[in-house]
There are 2 protein chains.
Amino acid sequence: MEAKRATIKDVAEAAGVGVATVSRVLSGGSASPATRERVLAVAAQLDYRPSALGRNLRQRRTGGIGLLVPDLTDTFFGQLAEGVLACARSAGEPVVLGSTGDDPEQEAELVGMLLEQSVDRVIAVPSGGADTWEPAARAGMTVVFADRLPAERPGDALSGSAPGPVSGSASASTADLMLLDGVPPPPPVPPVPPTGVPAVLADDRAGIRTAVRYLRGLGHRRIAFLGGPGHDRRVAAFREAVGPQVDDDLVVFATGSRDSAYAAASGLFQSRPDLTAVLAGGNVLGEAAVLAARELDLRVPRDVSLVMYDDVPWAELCSPPLTVIAQPGRDIGYRACELVLRTAGRRPRTVVLPTELIVRGSCGPLR
Amino acid sequence: MEAKRATIKDVAEAAGVGVATVSRVLSGGSASPATRERVLAVAAQLDYRPSALGRNLRQRRTGGIGLLVPDLTDTFFGQLAEGVLACARSAGEPVVLGSTGDDPEQEAELVGMLLEQSVDRVIAVPSGGADTWEPAARAGMTVVFADRLPAERPGDALSGSAPGPVSGSASASTADLMLLDGVPPPPPVPPVPPTGVPAVLADDRAGIRTAVRYLRGLGHRRIAFLGGPGHDRRVAAFREAVGPQVDDDLVVFATGSRDSAYAAASGLFQSRPDLTAVLAGGNVLGEAAVLAARELDLRVPRDVSLVMYDDVPWAELCSPPLTVIAQPGRDIGYRACELVLRTAGRRPRTVVLPTELIVRGSCGPLR
DNA sequence: CGCCTCCATGGAAACGATTCCATCATGGTT
DNA sequence: AACCATGATGGAATCGTTTCCATGGAGGCG
């Protein structure tokens with residue numbers, strides 16, 4: 001009853017040929033039409049499926065693709081994962097999934113697990129820094145980063161202040177007026193990956209810049225940024241877009257959790273009641289901002305304007321519907337997978353995908 | 001530079017022992033303290049990590065866990081996946097992921113892929129029927145279903161009418177009044193799995209019943225159900241809860257896509273303007289219902305009350321916040337993983353997890 | 001003192017595929 | 001007619017591990 005699977009030897013025997021011949025036929029080598037036909041017939045009849053185990057051992061590679069994301073509960077990473085899966089399936093490659101929880105330690109552990117499995121191609125939304133990924137690459141892994149690059153220095157990802165009750169209301173300088181709205185955008189300078197690892201990124205810089213300009217155009221001057229883990233590039237872009245006189249109290253960080261995001265948003269609103277617009281660096285932060293604003297009886301967009309990074313289905317359900325910077329999550333995953341499949345030996349390439357400001361109803365003119 | 005990994009042979013050589021001894025030491029067999037220490041030291045120094053490839057081949061099993069879900073973009077499945085990953089990580093098992101898109105054909109293909117990889121333990125949110133899963137089980141796979149059971153008959157999952165513009169406004173009988181609100185709930189009869197396969201399910205029946213009663217209590221009599229693929233049990237529960245005089249026009253199905261969900265919701269509202277409450281069978285459908293209602297200028301809950309199956313973070317962001325039937329997605333995944341790890345040979349068990357009606361603001365009294 | 005037992009140990013087989021290499025037959029060319 | 005080139009074919013090695021089995025030594029007991 002529990003018939004175990006037929007092996008190549010069974011097929012060879014049944015077809016009256018050698019195992020080498022079977023292998024050749026099945027992997028497209030040369031063989032006479034007669035034998036080929038016979039072998040195929042027998043294989044079909046025995047329902048033979050070559051075991052990936054044997055093949056992998058012989059070829060010393062598992063051939064699957066590793067995928068490491070911070071949190072599948074975040075819709076954006078779900079989209080990204082779907083993209084990877086779509087591409088991987090069309091290539092017939094299995095995908096081994098890991099969720100890091102934005103914790104470098106767990107990430108390192110998962111990398112170790114992949115190494116053990118001889119999974120030598122990995123797509124990662126990195127949490128750890130070079131100290132995690134350098135060894136992985138040195139161990140012969142082909143790594144492609146998606147959505148982010150690893151932090152340059154080991155552990156500086158979550159440096160910002162997780163605001164306690166109220167840190168400082170010293171709202172001294174907010175005369176950051178440098179209006180650059182008329183200036184044509186500089187050519188999209190692709191962010192250079194720190195190491196020689198390929199990456200697929202959204203054009204955060206342009207996205208943030210566009211959003212900041214949009215808010216500026218509505219008259220906002222005190223714009224806050226709500227960042228999360230891995231949002232370094234977005235923060236940098238924000239600082240750049242706002243100009244040199246950034247008010248540092250208006251740049252606030254949360255860790256990955258929803259609670260932390262809520263605390264950060266709430267703390268921000270309370271410590272700086274003078275802010276007029278918020279740019280949330282990810283959909284979890286955007287959610288937190290909406291929630292915190294409602295809790296504090298701040299109306300959107302009347303009292304505070306809100307732009308969220310990431311377009312997610314529910315952005316349209318909010319009232320008002322959220323103005324967002326859309327990034328193509330699915331495409332990012334798909335392209336990353338393409339890259340990891342093709343970049344076998346070739347030199348790394350970095351792909352930057354466009355973002356788009358989708359104006360809905362969560363921003364209004366300054367009043 | 002590209003130092004390839006050390007093998008057990010290298011370790012044996014360096015430690016001056018046989019490979020068998022190394023294997024024994026590393027897998028906890030008997031060995032003298034002296035050798036044990038030496039081997040461990042050498043292994044550590046060489047950074048030796050046993051290759052899963054060799055082991056798997058020898059033991060004729062990959063040892064990973066397969067996870068098949070319809071769509072990672074759906075937050076609920078993201079939660080479920082996180083649960084599985086958490087449990088799998090604590091057991092040190094890799095997880096091979098596949099997304100079926102609610103398509104039995106893709107599902108079958110993915111099962112084949114897992115089979116080829118010798119992944120013999122699978123957690124699935126099934127799309128296909130017994131014709132997919134029977135062979136898988138027969139091939140020696142340990143399968144645990146999560147969230148759903150496979151359709152009993154091969155292809156009857158999406159039987160309902162995907163409403164075109166308007167099908168029939170013959171709103172004849174809606175006198176389905178059988179008030180059972182006072183009757184104490186029957187003991188939670190666990191749904192019996194059709195095959196001998198273990199499953200982890202939410203108590204749809206109780207959840208739906210509670211929701212229907214709640215709506216009844218608010219005075220609603222014409223309650224519609226918006227179902228999607230795999231919601232058979234929920235539909236059945238709905239019919240049961242409503243009573244024998246179900247108005248079949250009020251039970252509508254969509255396929256998995258967001259577009260289809262929107263079309264179904266919109267069609268429902270247009271064809272049956274007399275309905276006063278909607279029960280959405282999943283979060284994608286809930287989203288569609290909110291969108292469609294807004295598009296048609298139906299106010300929630302003034303014009304129509306809405307209950308959504310699944311609690312997702314954004315349910316609270318809607319205005320009004322959505323009243324939902326919460327099911328523990330993460331727990332479902334976690335328990336399923338536990339089951340698939342322990343059920344090695346034992347007889348299958350089915351676990352039913354409780355649901356909870358979370359009343360927020362999307363339901364109001366009939367007016 | 002001798003024998004038996006037990007434990008540590010190493011050699012070798014096995015797992016299921018791919019692939020190198022030698023062999024053999026065939027057919028064409030000189 | 002002899003020889004060479006070509007192509008099909010099968011045997012055997014290989015990948016890295018686990019596990020079976022045989023061997024050898026040490027210690028205990030009769």
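Chain letters run A, B, ... following the sequence lines, proteins first, then strands; residues in each count from 1.
Distance check, rounded to the nearest 0.5 Å: CZ of B:R24 to OG1 of B:T35 gives 9.5 Å.
Of the candidate nucleotides C:dG10, C:dT18, D:dG11, C:dG10 has the atom lying nearest to any side-chain atom of B:A20.
Atom CZ in B:R5 sits roughly 10 Å away from atom C1' in D:dG16 (whole-Å rounding). For the pair A:E13 CD and C:dG16 P, the computed distance is 13 Å after rounding to whole Å. When the C1' atom of D:dA12 is taken as reference, atom NZ of A:K9 falls 13 Å away, rounded to whole Å. Remark: P of C:dA13 and CD1 of B:I8 are 17 Å apart, rounded to the nearest angstrom.
Side-chain contact check for B:V122 versus B:T142: every heavy-atom pair is 4.5 Å or farther apart. Between A:Q117 and B:S51, every side-chain heavy-atom pair lies at or beyond the 4.5 Å cut-off. Under the 4.5 Å side-chain criterion, counting only non-hydrogen atoms from C-beta, A:I332 is in contact with A:L353.
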Ignoring hydrogens and angles, write down the donor-acceptor pairs under 3.5 Å from the side chains of residues 80-95 of chain B, residues two or more places apart or on other chains.
unit_1	atom_1	unit_2	atom_2	d
B:E82	OE1	A:S99	OG	3.2
B:E82	OE2	A:L72	N	2.7
B:E82	OE2	A:S99	OG	2.7
B:R89	NE	A:Q106	OE1	3.3
B:R89	NH1	A:S99	O	2.9
B:R89	NH1	A:Q106	OE1	3.2
B:R89	NH2	A:Q106	OE1	2.7
B:S90	OG	B:C87	O	2.8
B:E93	OE1	B:R121	NH2	3.3
B:E93	OE2	B:R121	NH2	3.1

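Residue pairs meeting the ring pair (Phe, Tyr, Trp, His ring centres under 6.0 Å) criterion with at least one partner in residues 111-137 of chain B, sequence neighbours excluded, are B:W133-B:F145.
Sorted by residue number, the members of residues 45-64 of chain B with any non-hydrogen atom under 4.0 Å from DNA chain C read B:L57, B:R58, B:R60.
A search for side-chain hydrogen bond (donor to acceptor under 3.5 Å, both in side chains) contacts involving A:N56 returns nothing, not counting sequence neighbours.
Without hydrogens or angle criteria, A:R148 side chain to A:P229 main chain gives a donor-acceptor distance under 3.5 Å.
One finds a salt bridge joining A:E116 and B:R55 here, because a Lys/Arg side-chain nitrogen approaches an Asp/Glu carboxylate oxygen to under 4.0 Å.
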Where does DNA chain C pair, written as one dot-bracket string 5' to 3', with Watson-Crick or G-U pairs under 3.5 Å, ( ) inside the strand, [ ] for crossing pairs and | for another strand? ||||||||||||||||||||||||||||||
Polar atoms only, N or O, under 3.5 Å: list the protein pairs with nucleotides 5-9 of chain D and their distances.
unit_1	atom_1	unit_2	atom_2	d
D:dA8	OP2	A:S30	OG	3.0
D:dT9	OP1	A:S32	OG	3.1
D:dT9	OP1	A:T35	OG1	2.8
D:dT9	OP2	A:S32	N	3.1
D:dT9	OP2	A:T35	OG1	2.8

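Partner of B:L68 under the side-chain contact (heavy atoms from CB on, under 4.5 Å) criterion, out of B:L114, B:L97, B:V125: B:L114 alone.
The environment of A:E37 atom CD is sparse: at most 12 non-hydrogen atoms of other residues, nucleotides or ligands sit within 6.0 angstrom.
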